[in-house]
Amino acid sequence: DMIRIGKALYGGIVDTQTALTVTSKIIALQRLKPGESVGYNGQFVAKQNTIIAVVRGGYADGIPPQFSNKVRVLVDKDLCPIIGRVCMDYFFVDVSKVRNPLAKAVTIISPHTGQTLLAVAQHANMITCNLLLGLSQSKIKSIS
């Protein structure tokens with residue numbers, strides 16, 4: 001008479017609603033000129049003048065390295081790409097198209113924005129279980 005719902009509770013399978021929100025905030029901005037790079041091993045090289053945001057939260061916080069150069073996050077209502085390699089405590093986002101981005105909220109996963117757990121995991125070529133496990137062991141304070 002009982003079932004084990006597992007990842008379905010958090011929206012980790014098709015036709016389920018994401019039940020968690022993961023946010024962070026921009027803590028610094030940096031301007032890159034064409035040819036300048038960011039991230040470990042310079043994984044992102046700017047092709048044009050680019051404004052990057054340094055966002056609190058890295059792989060020690062459950063933001064997996066698989067997000068590097070693949071996943072987009074919301075800065076206010078603007079969808080912005082994660083660029084460079086996710087670091088231990090930070091990741092970088094191209095905010096060139098965002099007005100006044102400093103200190104703005106960054107939405108990584110949210111049920112109301114299209115940033116569902118399943119969609120984010122698919123963009124990173126991950127399974128939702130692995131993403132949830134990383135978040136469950138993290139020190140991120142803004143999971144709600």
Side-chain angles (χ1 to χ4, degrees), residues 5-144:
I5 61 172
K7 64 184 175 180
L9 177 65
Y10 295 100
I13 58 175
V14 176
D15 295 329
T16 59
Q17 170 106 11
T18 297
L20 78 153
T21 299
V22 180
T23 62
S24 189
K25 70 177 185 177
I26 295 171
I27 58 170
L29 297 175
Q30 182 71 42
R31 295 182 183 275
L32 295 181
K33 295 177 184 169
E36 292 182 328
S37 63
V38 67
Y40 295 135
N41 296 324
Q43 276 196 352
F44 173 82
V45 178
K47 294 180 180 154
Q48 58 197 18
N49 288 327
T50 305
I51 300 171
I52 63 161
V54 179
V55 181
R56 180 172 293 145
Y59 58 80
D61 304 299
I63 306 301
Q66 293 93 323
F67 280 20
S68 303
N69 297 307
K70 291 181 184 172
V71 171
R72 294 176 181 262
V73 295
L74 284 171
V75 178
D76 273 348
K77 296 180 186 201
D78 295 302
L79 203 54
C80 301
I82 292 177
I83 58 173
R85 183 121 174 104
V86 172
C87 302
M88 182 182 288
D89 295 310
Y90 306 100
F91 63 93
F92 309 102
V93 177
D94 181 347
V95 292
S96 300
K97 297 178 183 176
V98 177
R99 283 190 72 189
N100 303 316
L102 189 59
K104 287 196 174 172
V106 176
T107 302
I108 303 159
I109 297 171
S110 175
H112 309 293
T113 62
Q115 291 292 103
T116 66
L117 176 67
L118 190 58
V120 170
Q122 287 174 338
H123 278 101
N125 296 320
M126 297 179 68
I127 59 172
T128 55
C129 288
N130 288 351
L131 182 51
L132 285 170
L133 283 171
L135 291 170
S136 73
Q137 297 171 7
S138 78
K139 59 186 180 185
I140 293 178
K141 304 279 189 245
S142 58
I143 296 176
S144 58

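Hydrogens, waters and symmetry mates are skipped; everything else that's a heavy atom, side chains included, is used. Counting begins at 1 with the first residue of the sequence. All figures in this text were calculated on a predicted structure; none of them were measured in a lab.
- The shortest non-hydrogen separation linking D94 to C80 is O-CB, 3.3 Å.
- Annotation: side chain of P111 is in contact with side chain of T21 (closest heavy-atom distance under 4.5 Å).
- F92 and C87 get closest at one heavy-atom pair: CE1-SG, 3.7 Å.
- Of the possible polar contacts, none joining the N130 side chain to the I127 backbone as a donor-acceptor pair under 3.5 Å is found.
- Of the possible polar contacts, none joining the S110 side chain to the Q115 backbone as a donor-acceptor pair under 3.5 Å is found.
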For this session: Would you check, one step at a time, whether the test side-chain contact (heavy atoms from CB on, under 4.5 Å) holds for L118 with T128?
Result: CA-CA 6 Å; L118 190 58; T128 55; 3.8 Å; yes

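- Interatomic distance, S96 OG to N49 CG, rounded to the nearest 0.5 Å: 8.5 Å.
- Not counting sequence neighbours, the partners of A124 by the side-chain contact (heavy atoms from CB on, under 4.5 Å) test are Q66, F67, V71, M126.
- A 4.5 Å side-chain heavy-atom check between I52 and V93 finds every atom pair outside the cut-off.
- Judged as a salt bridge (charged side-chain N to carboxylate O under 4.0 Å, His left out), not a single pair has a partner in residues 22-38 (not counting sequence neighbours).
- A 6.0 Å sphere centred on NZ of K70 holds more than 12 heavy atoms belonging to other residues, nucleotides or ligands.
- When all heavy atoms of Y40 and R85 are compared, the pair lying nearest together is CD1-CG, 3.7 Å.
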For this session: Might you work through the side-chain contact (heavy atoms from CB on, under 4.5 Å) test for T116 and I109, ending with a clear yes or no?
Result: CA-CA 6 Å; T116 66; I109 297 171; over 6 Å; no

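- What you find for V95 and P101 is that their closest heavy atoms are CG2-CG, 3.9 Å.
- Side chain of S24 to backbone of R56: a donor-acceptor contact under 3.5 angstrom is found.
- Using a 4.5 Å heavy-atom cutoff, the side chains of P34 and K47 are not in contact.
- Partners of D76 according to the side chain to side chain donor-acceptor pair (under 3.5 Å) rule, which considers only residues two or more places apart in sequence or in another chain, are K104.
- L117 and L20 make their closest contact through CD2-CD2, 4.5 Å (heavy atoms, listed as atom of the first residue, atom of the second, distance).
- Under a cut-off of 6.0 angstrom, the local environment of CZ in F44 is crowded, with over 12 non-hydrogen atoms contributed by other residues, nucleotides or ligands.
- When all heavy atoms are compared, the tightest approach of S68 to G84 is CB-O, 3.3 Å.
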